[in-house]
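Notes to accompany the following structure.
Whatever order the structure lists ligands and atoms in, that order sets their numbers, starting from 1.
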Amino acid sequence: MEQSFWMERWQQGRTAFHQESVNPWLARYGPDLFQNAHRVLVPLCGKSNDLFWLAARSKYVLGIEFVDQAVQAFFAENRLPFERSAEGRYRCLTAFPGQLEIQAGDFFALKAPPRFDALYDRAAMIALPPELRARYVPQVIRLLNPGARMLVVLIEYESSTVSGPPFSVTGAELEASYGHCCRITALGHEEAPAPERLRAAGLSAVREFAYSIEKQFDPADTADEMRA
Ligand SMILES: C[S@@+](CC[C@H](N)C(=O)[O-])C[C@H]1O[C@@H](n2cnc3c(N)ncnc32)[C@H](O)[C@@H]1O
């Protein structure tokens with residue numbers, strides 16, 4: 001989606017995707033999945049309070065979010081003192097002396113190394129239409145070390161009449177996108193109320209799925225980039 005689409009949603013306060021409490025999948029599976037995580041990446045982080053949960057259990061958490069208002073809201077609403085710096089095109093806000101950082105900028109422009117050993121994707125992949133998901137997954141793979149673990153939360157629904165965001169992303173798509181270099185494990189699923197935008201289009205419920213994904217190795221194109 002265009003940045004203007006998300007800016008408008010934040011400006012209008014249409015952010016029902018935001019959860020005040022820790023995501024239940026993260027609370028349940030995070031302690032095991034992220035137990036050895038040092039550097040955790042949270043793409044498309046919004047003002048997610050899950051950043052605190054992750055920061056309490058790792059050395060460094062980096063959230064990436066391109067709407068300034070969301071980044072400002074995270075620090076203001078949590079009354080969190082922060083320092084400002086800049087990293088290339090990104091405006092960086094950092095709290096807990098270096099441990100929790102949000103960089104305001106486009107996820108697709110983020111460069112590695114240093115790479116990350118964990119990634120949390122809740123409402124990130126499903127926020128993107130198919131053509132951007134096709135760029136998102138290679139970017140995620142590029143930014144992770146082999147052995148890195150991800151927790152990915154997706155939703156599925158009958159999408160022939162309703163369109164996202166949030167988009168329906170199936171297990172089959174996940175396999176086709178990540179399967180060539182990652183091991184994917186389904187953790188669980190449950191029915192959830194349809195998000196606001198889908199409800200307005202007549203859908204009452206969606207199925208929410210959680211997966212753990214472990215990157216096994218760098219695919220050839222990423223390995224070439226790393227050597228260059
Ligand atoms: C559905 S929200 C989810 C936010 C967060 N993950 C959560 O669980 O609350 C998606 C967020 O991604 C941001 N976003 C979308 N595309 C982005 C991009 N290319 N780079 C950085 N942020 C992006 C939007 O501004 C929005 O805040």
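- For Arg89, there are no salt bridge (charged side-chain N to carboxylate O under 4.0 Å, His left out) partners two or more places apart in sequence or in a different chain.
- A donor and an acceptor atom, one from each side chain of Tyr60 and Gln99, are nowhere located under 3.5 Å apart.
- A salt bridge is absent between Glu191 and Arg207; no separation between the charged side-chain nitrogens and carboxylate oxygens falls under 4.0 Å.
- For the pair Tyr178 (side chain) and Ile141 (backbone), a donor-acceptor distance under 3.5 Å is absent.
- Heavy-atom proximity to atom 9 (O) of ligand 1, evaluated over Gln139, Gln19, Glu65, Arg122, is greatest for Arg122.
- Side-chain contact of Asn23 with Tyr29: a donor-acceptor pair under 3.5 Å is absent, judged by distance alone.
- Counting the atoms of ligand 1 from 1 in the order shown, those under 4.0 Å from a heavy atom of Trp10 are 25 (O), 26 (C), 27 (O).
- Protein heavy atom closest to atom 10 (C) of ligand 1, with residue, atom name and distance, is Ala123 O, 3.7 Å.
- If you number the atoms of ligand 1 from 1 as listed, the ones under 4.0 Å from a heavy atom of Phe108 come out as 19 (N).
- Taking a cut-off of under 4.0 Å to the non-hydrogen atoms of Gly105, the atoms of ligand 1 that pass are 20 (N), 21 (C).
- Within a 6.0 Å sphere centred on CD of Glu225, other residues, nucleotides and ligands contribute more than 12 heavy atoms.
- Using a 30° and 60° split on the angle between ring planes, His189 and Phe209 fall in the parallel class, below 30°.
- Atom 4 (C) of ligand 1 has its closest protein heavy atom at Leu44 O, 3.3 Å.
- The proximity of Ala70 to ligand 1, defined as any non-hydrogen pair under 4.0 Å, does not occur for either the backbone or the side chain.
- Under a 4.0 Å criterion applied to the non-hydrogen atoms of Phe107, ligand 1 contributes the atoms 18 (C), 19 (N), 20 (N), 21 (C).
- At the shortest separation from atom 22 (N) of ligand 1 among protein heavy atoms lies Phe66 N, 3.1 Å.
- Counting heavy atoms under 4.0 Å from ligand 1, residue Trp6 touches it through the side chain alone.
- Under the rule for a salt bridge (charged side-chain N to carboxylate O under 4.0 Å, His left out), the partners of Glu77 that lie at least two apart in sequence or sit in another chain are Lys47.
- Within ligand 1, counting atoms from 1 as listed, the ones closer than 4.0 Å to a heavy atom of Val67 are 25 (O).
- Near Asp106, the atoms of ligand 1 lying under 4.0 angstrom from a non-hydrogen atom of the residue are 18 (C), 19 (N), 20 (N).
- With a 4.0 Å heavy-atom cut-off, ligand 1 is reached by the backbone of Cys45 but not by any atom from C-beta on.
- Salt bridge Asp117/Lys59: absent, no basic N to carboxylate O contact under 4.0 Å.
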